[in-house]
Protein chains: 2
Amino acid sequence: MPYDPSAFPPFAVTVDLVVLTVRRHALCALAVRRGEPPFQGRWALPGGFVRADEDLSQAAARELAEETGLCAHDPSVPVQDNGAHLEQLATYGDPKRDPRMRVVSVAHLALAPDLPAPRAGGDASNARWAPVEELLQQGGYGRDGEPVAPLAFDHAQILADGVERARSKIEYSSLATAFCPPEFTVGELRRVYEAVWGVALDPRNFHRKVTGTPGFLVPTGGTTTRQGGRPAQLFRAGGATLLNPPMLRPEV
Amino acid sequence: MPYDPSAFPPFAVTVDLVVLTVRRHALCALAVRRGEPPFQGRWALPGGFVRADEDLSQAAARELAEETGLCAHDPSVPVQDNGAHLEQLATYGDPKRDPRMRVVSVAHLALAPDLPAPRAGGDASNARWAPVEELLQQGGYGRDGEPVAPLAFDHAQILADGVERARSKIEYSSLATAFCPPEFTVGELRRVYEAVWGVALDPRNFHRKVTGTPGFLVPTGGTTTRQGGRPAQLFRAGGATLLNPPMLRPEV
DNA sequence: GATCATAGTCGTCTTCCTGACGATAAACAC
DNA sequence: GTGTTTATCGTCAGGAAGACGACTATGATC
């Protein structure tokens, strides 16, 4: 087909972000309240238009910084400081997903350590960390007894896909360390796995597994007591990105 | 940000297809020759614009049918007939990836059994199955001694990503059966794994593994001799989509 | 300070999976 | 028949993982 600008329909392209963290033993996602129609007042995933001269990953990193102050991290470098892991998730382009116009959204997944309060344009009441089960339940009631409206657009589907990606990816990669501060203990890492998978893991087998997987953890030499009990060794994330053999998610 | 049509730049959205099959013990991809600039005369992945009223997966299925006659298959249904597996791969949106204009391409991955000759608008010389190593080598020479030009646009990257997705996905899913005809033998399935991974597998251990994984293979009762030697049992793909435990790709 | 609760760390045992590989079975070519 | 090819079954050793006992090192409580 020859080049003819009228031969293709114009699309708006956005990036939407599934930003996950672990807070108080629960997997939480960043949600922002919509200020305008459609879905005014409803919670949604953060996101925005891709600019004319921007790559998709640049746009995602920019939105992430705008919403959280996080600095997106090159995936080839181990996670450190307050950098977050950022990767492309999937693209959603149903013709009716936005009632205003044809919008294709390239969703990205970000994994971050537990952060202070979120900010959305400086207005804290319009952004929050919410447990993913709370955001995904349809028409139920939240912990405060207030009715829960489903997320705007197809964001419930996007969030569910992002959560599933995170759950499966920490099996065979060292991505779980992206939820941890730069230095962490084996127990803290185990609580990340428990929160993301929603299961209880045997501390002894987990300890044997992660300390025995080459390149996963590097001891820093320090110890700490953050949870009461015996002090634990501190580790940093090792260079390995793919775990071999993988962590196994317990059956059902 | 309020709704303002001038607030976002317009994009063209395309789908590109990585269509993989196994021919003569080699992993091959479908390539089409470009008829117009840019990259006129160069090989590229098949693809085209997403229409105004089309979902992304619909557009990918339409392009697949146009190029190969394959009927894309709902992933929730086991592969059968001449249906192919089709899934979204990733989205590529570098501002400079198409010199004409801003194009975002949603790449899809299709896996198909070995097919008769491809057709591209009825012109066989403009479409072919080529071994993926041949398409991915840069500036080398093909088997016929003719110099090989790299694929157009960023299609080498897209193809490489698709191949890597296929290689990893047959580890933990039953997707390898998408490369097989409706009924196949354990040996044929093994040769699929060998071609996709580029390794040799022990026939005895492979047989034990696939016949011992629940839901992977269903015996049809028939036997056949397609490769010489003792007749082999025929199987269909079972309902299982996730293999547990997974097939393990040999180290290195 | 003794006791208790909490977490972290090291071992043991059994079971399952895998890789290596011997042996047998059933076809075809000569 | 002999040889070749492919399919299929069996055996054995090594490694990984689940279950779980035991010990260690801290803070909290009496």
Side-chain angles (χ1 to χ4, degrees), chain A residues 24-25 170-172 180 183-195 197 199-236 240 242-252, chain B residues 24-25 170-172 180 183-195 197 199-236 240 242-252:
Chain A
R24 284 181 266 111
H25 293 207
I170 64 173
E171 280 193 85
Y172 56 88
C180 295
E183 296 199 344
F184 53 89
T185 68
V186 173
E188 288 165 349
L189 183 63
R190 175 170 49 81
R191 282 181 280 276
V192 164
Y193 275 92
E194 291 179 334
W197 284 344
V199 298
L201 299 175
D202 185 293
R204 297 158 292 190
N205 292 336
F206 184 86
H207 187 276
R208 177 183 61 191
K209 182 77 167 105
V210 296
T211 56
T213 300
F216 194 4
L217 299 183
V218 177
T220 66
T223 62
T224 192
T225 301
R226 284 206 267 251
Q227 314 277 340
R230 170 176 167 180
Q233 269 189 279
L234 283 171
F235 294 87
R236 282 183 300 102
L242 255 51
L243 302 184
N244 201 327
M247 296 290 304
L248 291 181
R249 180 160 25 166
E251 313 275 320
V252 185
Chain B
R24 285 181 265 111
H25 293 207
I170 64 174
E171 280 191 86
Y172 57 89
C180 294
E183 296 199 344
F184 54 88
T185 69
V186 172
E188 289 166 349
L189 184 62
R190 176 170 49 82
R191 281 181 281 275
V192 164
Y193 275 92
E194 291 179 332
W197 284 344
V199 297
L201 300 175
D202 185 292
R204 298 158 290 189
N205 292 336
F206 184 86
H207 188 278
R208 177 183 60 191
K209 183 80 167 98
V210 296
T211 57
T213 300
F216 194 5
L217 299 183
V218 178
T220 66
T223 62
T224 192
T225 302
R226 283 207 267 250
Q227 314 279 339
R230 171 177 167 179
Q233 269 188 278
L234 284 170
F235 294 87
R236 282 184 299 103
L242 255 51
L243 301 185
N244 202 329
M247 297 289 306
L248 291 182
R249 180 163 24 167
E251 311 277 320
V252 182

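In what follows, chains are A, B, ... by sequence order, proteins preceding strands, each numbered from 1. No experiment lies behind these values; they were computed from the predicted model shown.
Within the 4.5 Å cutoff, side-chain heavy atoms of B/Glu188 are placed close to those of B/Arg191. In this structure the side chain of B/Tyr172 never reaches within 4.5 angstrom of the side chain of A/Glu171, judged on heavy atoms. The shortest side-chain heavy-atom distance between B/Leu189 and B/Leu217 falls under the 4.5 Å cut-off. A heavy-atom distance below 4.5 Å is not found between the side chains of B/Arg249 and B/Tyr193.
Per the geometry, CZ belonging to A/Arg208 stands 10 Å off P belonging to D/dA16, to the nearest Å. Counting to the nearest Å, the P atom of D/dG10 and the CG atom of B/Asp202 are 16 Å from each other. Between the CG atom of A/Asn205 and the P atom of D/dC20 there is a distance of 11 Å, rounded to whole Å. One can place CZ of A/Arg204 at 12 Å from C1' of D/dC23, the figure rounded to the nearest angstrom. Atoms CZ (B/Phe235) and C1' (D/dT8) sit 10 Å apart, rounded to a whole Å. Straight-line distance from the CG atom of B/Leu217 to the P atom of D/dT8: 11 Å, rounded to whole Å. Distance A/Asn244 CG to D/dG15 P: 15 Å, rounded to the nearest Å. D/dG18 atom P lies 9 Å from atom NZ of A/Lys209, rounded to whole Å.
Checking side-chain atoms of A/Glu194 against main-chain N and O of A/Leu201 turns up a donor-acceptor pair under 3.5 Å.
Contacts of A/Arg226 with the nucleic acid, taken as non-hydrogen atoms under 4.0 Å apart, are absent.
Considering only side-chain atoms of A/Pro231, the nucleotide from D/dA25, D/dA22, D/dT8 that sits closest is D/dA25. Nearest to the side-chain atoms of A/Pro245 among the listed nucleotides D/dC20, D/dT24, D/dA16 stands D/dA16. Checking D/dG18, D/dA25, D/dA17 against every side-chain atom of A/Arg230, the shortest atom distance belongs to D/dA25.
A residue-by-residue look at A/Thr225 and B/Gln233 shows that B/Gln233 has its nearest nucleotide of DNA chain D further toward the 5' end. Take the nearest nucleotide of DNA chain D for A/Gly228 and for B/Gly229: the residue whose nucleotide is more 5' is B/Gly229.
Here B/His207 does not reach the OP1 or OP2 of D/dA7: none of its side-chain N or O atoms lies under 4.0 Å away.
Note that the first and last nucleotides of DNA chain C, 5' to 3', having any atom under 4.0 angstrom from a heavy atom of chain A are C/dT6 to C/dT12.
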_From CA spacing to verdict: side-chain contact (heavy atoms from CB on, under 4.5 Å), B/Lys209, B/Asp202_ = CA-CA 11 Å; B/Lys209 183 80 167 98; B/Asp202 185 292; over 6 Å; no
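If you take CZ on A/Arg190 and CZ on A/Phe184, they are separated by 13.5 Å, rounding to the nearest 0.5 Å.
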